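I have placed the structure first, in the form of structure tokens, so that the comments after it can refer back to it.
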There are 2 protein chains.
Amino acid sequence: MAKPQEPISTVRKHDCAKCPLRPLPIFRAFEQQELAFVTRFKKGELAVDKGATVLVEGSHSAHLYTVLSGWGFRFKLMPDGRRQILNYVMPGDLIGLQGSLMGEMQHSVESLSPMLLCVFERDQLEELYRNHPGLAYDITWLAAREEQMLDENLLSVGRRSALERAAYLMAFIGSRAQAVGLIGRRSLEVPITQQHVADTLGLSLVHTNKTIRKLSNRKLIAWHDGGCTILDMEGLMVLARWEGLGQRVRPLV
Amino acid sequence: MAKPQEPISTVRKHDCAKCPLRPLPIFRAFEQQELAFVTRFKKGELAVDKGATVLVEGSHSAHLYTVLSGWGFRFKLMPDGRRQILNYVMPGDLIGLQGSLMGEMQHSVESLSPMLLCVFERDQLEELYRNHPGLAYDITWLAAREEQMLDENLLSVGRRSALERAAYLMAFIGSRAQAVGLIGRRSLEVPITQQHVADTLGLSLVHTNKTIRKLSNRKLIAWHDGGCTILDMEGLMVLARWEGLGQRVRPLV
DNA sequence: CGGATCGTTGAGAATTTTCAAGATTAGTGG
DNA sequence: CCACTAATCTTGAAAATTCTCAACGATCCG
């Protein structure tokens, strides 16, 4: 596991009206009035390095974030150090909602690359719900989407073989990343280590290594130090017996 | 797997003002005005038998439900029949939200006992968000809680040994059931088969049987045909290395 | 150079699955 | 009442998967 570093905050603030994410076809268009509120809701930006702990289990964060750029992951630890990665976070994802609503964070979030996060204040959530039902609905929508992804991940860890699981994970990450333009058409590059894969799939590092090798041999992915490239999304999905996410237009808060 | 039966609907309608659930200490008190809306929001009740399919993957349900009484579970199937149980549903739980928000159900729900469900209409969700921000907030809260439980389940399936996993599951179900008065102080009776346990833990039926035997031998649970009794919640939690759910007061919609 | 991270490999050990069979119980139709 | 079926739980043993242990190679960086 990478040694977590401290977040580094910056003052620079992207204008929500010129949000680089919102024009993507995957995100629904916003009303002028919604945009205005979000602009006001946004308190600033947080820039973190690769390997930084963005949110930590057990803490009471006063903030929630929307990922503007970069990769990260959500995870839980057991007292004896076993780690389970729950999901990956990518641009457009809202993180810290659980902590904001229910008080204490029940999981941590760490970055896989430098990340830029839009910072919102928990205390303004109430106002959002009171005055902007459309945005409130969007937040619930995003929570339901996270739940749906967790359902898929749980099915995978519980019922797929090691090889299927690894194929599913690569296809899952790849298709999500593609939808938000994180990876180009020809450079499906994912910045994770085999330890991350192991902790996501619920497998040992050694067995993960051997499983990844099989995917490489089949030319479905290519692994290089500190990351991998997805070569054949279609093939991965077939191997995993996975239908793919319904990638419908979604809100961006 | 039990053969799913058809739901049976009834006309009888509990008065929300006399809701048998709301007085429980685990649920937060409602404003008079919230209660009034919920009463209007509630379209009726659905009574289903044990083994009924309440919601089915792939369908577009126009309803969502709050469980008034009984047990059930959420699950996903793979094309070849492998089944993963994602979570259990108990009184006070809201089901069908994913389907209502995102269109198509991505999982199914089946009953483990006769159940009584309060029926709400998807179309009125919008009005709820527009006019009752407190309730909207509650719904998001419930979605976040579901996500939190899924996180725990995923950690368990991914990183706990078979014995720990089984212990966790029993403690998890037991503590949730206790919180909503589903099981009395001395009769911690859970109506599930070993096949359900296997499909929850991601284990084979045979190995699940042997694992459950170990829990029985340690006097942590007692298994009888078609269900089990939890004997030692504390012991189960220690064995699973599980801290328990933060059982805070929660909303009931 | 020395330390740290990351990936790779072989081999034995442990866990878990699969296969096959049987016991018990409850319900059903004759 | 009885024969029969279906569901559930049990058990043993072989097979397959996965884990642990123990190395080692490569790269990067101060």
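Since this is a predicted model, take the numbers as computed values, not measurements. Computation of the quantities below employed the complete heavy-atom set of this structure, encompassing side-chain atoms and omitting hydrogens, waters and symmetry-equivalent molecules. So that the names make sense, note that chain A is the first sequence line, chain B the second, and so on, each numbered from 1.
When ring centroids are compared, His63(B) and Phe120(B) stay outside the 6.0 Å threshold. When ring centroids are compared, Phe75(B) and His107(B) stay outside the 6.0 Å threshold.
When atom types are taken as modelled, the side chain of Gln247(B) and the backbone of Ala179(B) share no donor-acceptor pair closer than 3.5 angstrom. Panel note: side chain Asn153(B), backbone Leu155(B); no donor-acceptor pair is recorded below 3.5 Å.
The ring-ring contact (aromatic ring centres under 6.0 Å, His included) pairs that include a residue from residues 219-244 of chain A are Tyr168(A)-Trp242(A), where partners are two or more places apart or lie in different chains.
Against DNA chain C, the stretch residues 208-224 of chain A makes heavy-atom approaches under 4.0 Å through Asn209(A), Lys210(A), Arg213(A), Trp223(A).
Spacing between atom CG of Leu205(A) and atom P of dC6(C) amounts to 10 Å, rounded to whole angstrom units. In this structure, NE2 of His207(A) is placed 12 Å from C1' of dT15(C), rounded to the nearest angstrom. The distance from atom NE2 of His196(B) to atom P of dA7(D) is 12 Å, rounded to the nearest whole Å. Atom-to-atom, CD1 of Ile192(A) to P of dT5(C) comes out at 19 Å; the value is rounded to the nearest Å. We find that CG of Asp225(A) is positioned 11 Å from P of dC29(D), with the value rounded to whole Å. Atom CZ in Arg159(A) sits roughly 11 Å away from atom C1' in dT17(C) (whole-Å rounding). Straight-line distance from the CD atom of Glu164(A) to the P atom of dT17(C): 14 Å, rounded to whole Å. Between the P atom of dT15(C) and the CG atom of Leu201(B) lies a distance of 17 Å, rounded to the nearest Å.
Taking for each of Gly202(B) and Gly226(A) the nucleotide of DNA chain C with the nearest heavy atom, the 5'-most of the two is the partner of Gly226(A). Both Val206(A) and Arg165(A) lie close to DNA chain D; mapped to their nearest nucleotides by heavy-atom distance, the more 5′-ward contact belongs to Arg165(A).
Here the side chains of Asp49(B) and Ser111(B) are not in contact, with every heavy-atom distance at 4.5 Å or above.
Looking at heavy-atom distances under 4.0 Å, Thr193(A) makes contact with sugar-phosphate atoms alone, never a base. Residue Leu203(B) is classed as a sugar-phosphate contact, given heavy-atom separations below 4.0 Å to backbone atoms only.
Gln194(A) has a side-chain polar atom (N or O) that falls below the 4.0 Å cut-off from OP1 or OP2 of dT8(C).
Asp93(A) has a carboxylate O that lies under 4.0 Å from a charged side-chain N of Arg145(A), or vice versa, which qualifies the two as a salt bridge.
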